[in-house]
Amino acid sequence: MDAITVPSLREMKHEGRRIVALTAYDYTFGQLLDRAGIDIVLVGDSLGMVMQGQSSTLPVTLEDVIYHTQCVARGVRRALVAADMPLGSYEEGPEQAFRSAARLMGEGGAQMVKLEGGAFLAPTVRFLVERGIPVWAHIGLMPQHVHQLGGYRVQGRSQVAAASLKTDARTLEDAGASLLLLEVIPAVLASEITENATHMATIGIGAGVSCDGQVLVLHDLLGLSDRFHPRFVKDFMDGSRNILAAVEQYVADVREGRFPGPEHSF
Ligand code: KIV
């Protein structure tokens with residue numbers, strides 16, 4: 001099977017083939033997700049919660065993400081490996097972001113970086129993309145902004161907030177982002193943003209079935225999380241004979257448009 005690349009993700013969007021992403025943090029799961037047919041393995045800063053037992057993503061460092069990306073990248077052959085830029089590693093400006101992204105790619109083995117923020121990040125996104133670093137932008141519920149947002153709650157519900165997210169999406173696409181993560185926003189808004197994006201593929205989590213692809217946190221999919229279970233999570237171990245079968249079921253359900261259902265959306 002051909003390796004997933006940035007151009008092939010764009011092709012998938014244009015051909016209406018759904019993109020399936022899942023987080024992983026180590027070699028064994030990197031290998032297993034690749035075998036199950038996952039397209040993008042994300043080394044998310046959710047590692048703070050599921051690997052380190054932190055109560056948020058805020059304490060995660062660049063060194064932490066580099067270490068876990070190295071482990072995952074050793075196990076992955078086909079999927080594209082993306083790494084989260086942790087809090088404090090990119091917000092000062094394009095140069096700082098470039099230095100951090102170069103480490104995630106050069107030392108960690110990532111092929112794309114993900115960063116949280118709207119239109120204000122456009123100069124940074126453009127700077128990275130012009131220098132050959134593919135960018136996955138992340139808007140909606142941004143866990144690194146949890147204190148400003150006042151908790152983990154649905155974003156984009158008012159007309160003003162929805163319009164602002166649409167502007168963010170357009171600006172980030174113009175700046176060159178390849179992917180856009182839409183986290184916990186109304187399904188109808190995610191659908192509009194997806195339709196308006198011509199090249200940038202949208203990946204949803206708690207954003208309805210109309211996105212170009214979906215992502216989940218591995219431990220949520222496996223029913224291992226001891227935290228609050230958000231509505232958009234489904235335990236794929238329920239009814240599966242083993243972990244590989246659960247991940248394969250997730251891949252099949254996303255590709256066929258069976259996941260997420262209305263019960264997982266807002
Ligand atoms: O860090 C993470 O796992 C994420 C999720 C939203 C997929 O960004």
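Both ligands and their constituent atoms are indexed starting at 1 by order of listing.
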Student: Check whether the side chains of H138 and E183 place a donor and an acceptor atom closer than 3.5 Å, and report yes or no.
Tutor: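 Yes.
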Student: Can you list, by chain and residue number, every protein residue with a non-hydrogen atom closer than 4.0 Å to ligand 1?
Tutor: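 Lining ligand 1: T23, L42, G44, D45, S46, D84, K114, H138, L181, E183, V215, V217.
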Student: Has E107 got more than 12 heavy atoms of other residues, nucleotides or ligands less than 6.0 Å from its CD?
Tutor: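 For E107, atom CD is crowded (more than 12 foreign heavy atoms under 6.0 Å).
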Student: Identify whether the distance between the nearest side-chain nitrogen and carboxylate oxygen of R103 and E63 falls below 4.0 Å.
Tutor: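 Answer for the salt bridge query: yes.
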Student: Got more than 12 heavy atoms from elsewhere within 6.0 Å of CD, Q159?
Tutor: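 No.
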Student: Do the side-chain N and O atoms of T23 and Y25 include a donor-acceptor pair separated by under 3.5 angstrom?
Tutor: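 Present: a donor and an acceptor within the cut-off.
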Student: I'd like to know whether F259 forms a ring-ring contact (aromatic ring centres under 6.0 Å, His included) with F236, so could you lay out the CA-CA distance, the side-chain angles of the two residues, the decisive distance to 0.1 Å, and finally the verdict.
Tutor: CA-CA 11 Å; F259 179 80; F236 281 86; 5.3 Å; yes
